[in-house]
Amino acid sequence: MGEVPLSHPRYNSLMGRKLLTEAAADGMLADSALIAHGRGEAYDYLLGEATCESARTAITQSAILMKQAKRCVISVNGNAVALAAADLIRCAAVLQCPIEINIYYRTPERMTALNSRLKKVRIEVSNEEAPTGWKGNWQTAVSDVVILGMNPDSRIPNLEGPRANCCADGILNADVIFVPLEDGDRCEALMEMGKKMIVVDLNPLSRTARRATVTIVDELMRMAPILLFDLVNEVSNETPKWDNRANLDNSLAVMLRRLDE
Ligand code: PTJ
């Protein structure tokens, strides 16, 4: 795919495809990653390729929970690294929480490729200006972000296969987990452990979306900078009441309205 002009009406969507095809060539993705993305694109088309009001509220709720967490972790898979590595590292730097690579289709080659990519992006982000409003030494904050996952020392109970492998310093002992594009079984197993699960899923009907504590029905690349903004600027000390099902219904209603147009 050639250069995508900024003026293109579907710039973001085309950029997403470009990033994913490049990541696939670099050995970072699962074979089914592009299928999963295509499913997301279909839902995003119905959303009008914009962050809807219910997603915006869910992002703020997520930022509050992540800031209040005793131990937050950002869990990433292949698609998340391909699409939003830099913003997720920025979020981790603001929170001073680890990022854990936790993939469904685990192979040593993919783990190595994802780990190297995150380390490269961490260096790039550490050399940038700090996000507006953030105070402190940005270079140190970013360099301090720990990337976990290469050497799992624990397992998620009641979950079979390599996807249950995780780290005690990350997912196993976290109280709040932010996880884009999560698998339904793992989301359920982690919920059963009493963790607060914040998921990003364009499909408001998926098992993950229905089970999570907070579901952000939005495109990952689009929502990540908004989450970063809220992590830097949101100062609420209280946790507002949250009805995830009602919020999901509102996102679904936006999609259904588009079908009626
Ligand atoms: O890297 P791995 O091995 O962990 O594998 C990752 C994939 C994504 C292949 C794996 O988790 C998978 O098969 O996912 P699913 O079950 O197809 O679920 C993907 C969900 O994410 C679907 O409900 C999509 O609608 C949604 N989705 C896809 N792309 C995006 C998205 N949601 C938000 N932003 C996206 N860019």
Side-chain angles (χ1 to χ4, degrees), residues 10-21 23-24 26-52 54-55 58-59 62 74-85 87-88 99-115 117-118 149-150 152 156 159 161-166 171 177-190 197-212 214-227 248 251-252 254-255:
R10 305 200 55 244
Y11 177 84
N12 280 333
S13 167
L14 293 175
M15 270 311 287
R17 287 185 176 193
K18 186 172 188 290
L19 290 171
L20 281 171
T21 45
D26 291 342
M28 299 196 311
L29 300 189
D31 289 343
S32 55
L34 294 171
I35 299 171
H37 187 73
R39 181 155 46 166
E41 280 189 338
Y43 285 105
D44 202 23
Y45 194 76
L46 290 175
L47 263 184
E49 295 178 338
T51 302
C52 64
S54 47
I59 294 170
S62 305
I74 295 177
S75 169
V76 292
N77 65 7
N79 292 46
V81 173
L83 294 174
D87 272 328
L88 296 176
I99 292 192
E100 180 164 341
I101 308 165
N102 191 251
I103 56 180
Y104 191 91
Y105 302 103
R106 193 179 176 107
T107 64
E109 293 78 16
R110 283 191 63 210
M111 289 300 293
T112 304
L114 290 166
N115 193 49
R117 173 60 61 92
L118 282 171
M150 286 301 281
I156 301 168
L159 193 64
R163 66 194 165 145
N165 290 333
C166 70
I171 289 173
I177 307 181
F178 175 81
V179 49
L181 279 70
E182 178 57 317
D183 146 62
D185 286 347
R186 194 164 47 197
C187 182
E188 275 177 11
L190 291 166
M197 296 295 290
I198 301 171
V199 303
V200 183
D201 195 334
L202 278 159
N203 177 4
L205 300 171
S206 78
R207 206 151 43 98
T208 304
R210 314 291 302 169
R211 287 291 286 125
V214 179
T215 306
I216 302 166
V217 181
D218 200 5
E219 203 286 317
L220 175 61
M221 285 196 302
R222 193 168 56 235
M223 63 69 59
I226 307 176
L227 177 66
L248 278 172
S251 299
L252 193 56
V254 173
M255 294 181 181

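Atom set for the values below is all heavy atoms of this structure, side chains included, hydrogens, waters and symmetry mates excluded. Just so you know, ligand 1 is whichever comes first in the structure, and atom 1 is the first atom listed for that ligand.
With sequence neighbours excluded, the residues forming a side chain to side chain contact (heavy atoms under 4.5 Å, CB included) with Tyr105 are Ala30, Ser32, Arg110, listed by chain and number. Partners of Ser251 by side chain to side chain donor-acceptor pair (under 3.5 Å), not counting sequence neighbours, listed by chain and number: Ser54.
Atom 34 (N) of ligand 1 has as its closest protein heavy atom Leu220 N, 3.0 Å. When only non-hydrogen protein atoms are considered, atom 33 (C) of ligand 1 lies nearest to Asp218 O, 3.3 Å. Scanning the protein for heavy atoms near atom 18 (O) of ligand 1, the closest one is Arg39 NH2, 4.0 Å. The shortest contact between atom 32 (N) of ligand 1 and any protein heavy atom is with Leu202 N, 3.2 Å. In terms of protein heavy-atom proximity, atom 35 (C) of ligand 1 is nearest to Glu219 OE2, 3.6 Å.
Remark: Leu114 CG to Asp26 CG distance equals 10.0 Å, nearest 0.5 Å.
The heavy atom nearest to atom 6 (C) of ligand 1, considering only Val200, Leu83, Asn77, Leu181, is found in Asn77. With atom 13 (O) of ligand 1 as the reference point, the heavy atom nearest to it among Ser32, Gly78, Pro162, Ala84 is part of Ser32. Distances from atom 19 (C) of ligand 1 to the heavy atoms of Ala36, Ala23, Ala33, Ala82 show the closest one on Ala36.
Using a non-hydrogen distance threshold of 4.0 Å, Asp183 does not register as a contact of ligand 1. Residue-ligand proximity: Arg110 is placed with a non-hydrogen atom under 4.0 Å from ligand 1. For the pair Ile35 and ligand 1, no heavy-atom separation below 4.0 Å is found.
Remark: the Asp201 side chain and the Thr208 side chain contain no N/O donor-acceptor pair separated by less than 3.5 Å.
Residue Glu182 places no N or O, backbone or side chain, under 3.5 Å from any N or O of ligand 1. Between Tyr104 and ligand 1, an N or O atom pair is found at a separation short of 3.5 Å. Ligand 1 has a nitrogen or oxygen under 3.5 angstrom from a nitrogen or oxygen of Asp201. The shortest N or O to N or O distance between Arg186 and ligand 1 is not under 3.5 Å. The shortest N or O to N or O distance between Tyr43 and ligand 1 is not below 3.5 Å.
Not a single donor-acceptor pair under 3.5 Å links the side chain of Asn165 to the backbone N or O of Pro152.
For atom 9 (C) of ligand 1, a protein heavy-atom neighbour is found at a distance under 4.0 Å.
Numbered from 1 in the order shown, with element, the atoms of ligand 1 that lie under 4.0 Å from a heavy atom of Asn203 read 23 (O), 25 (O).
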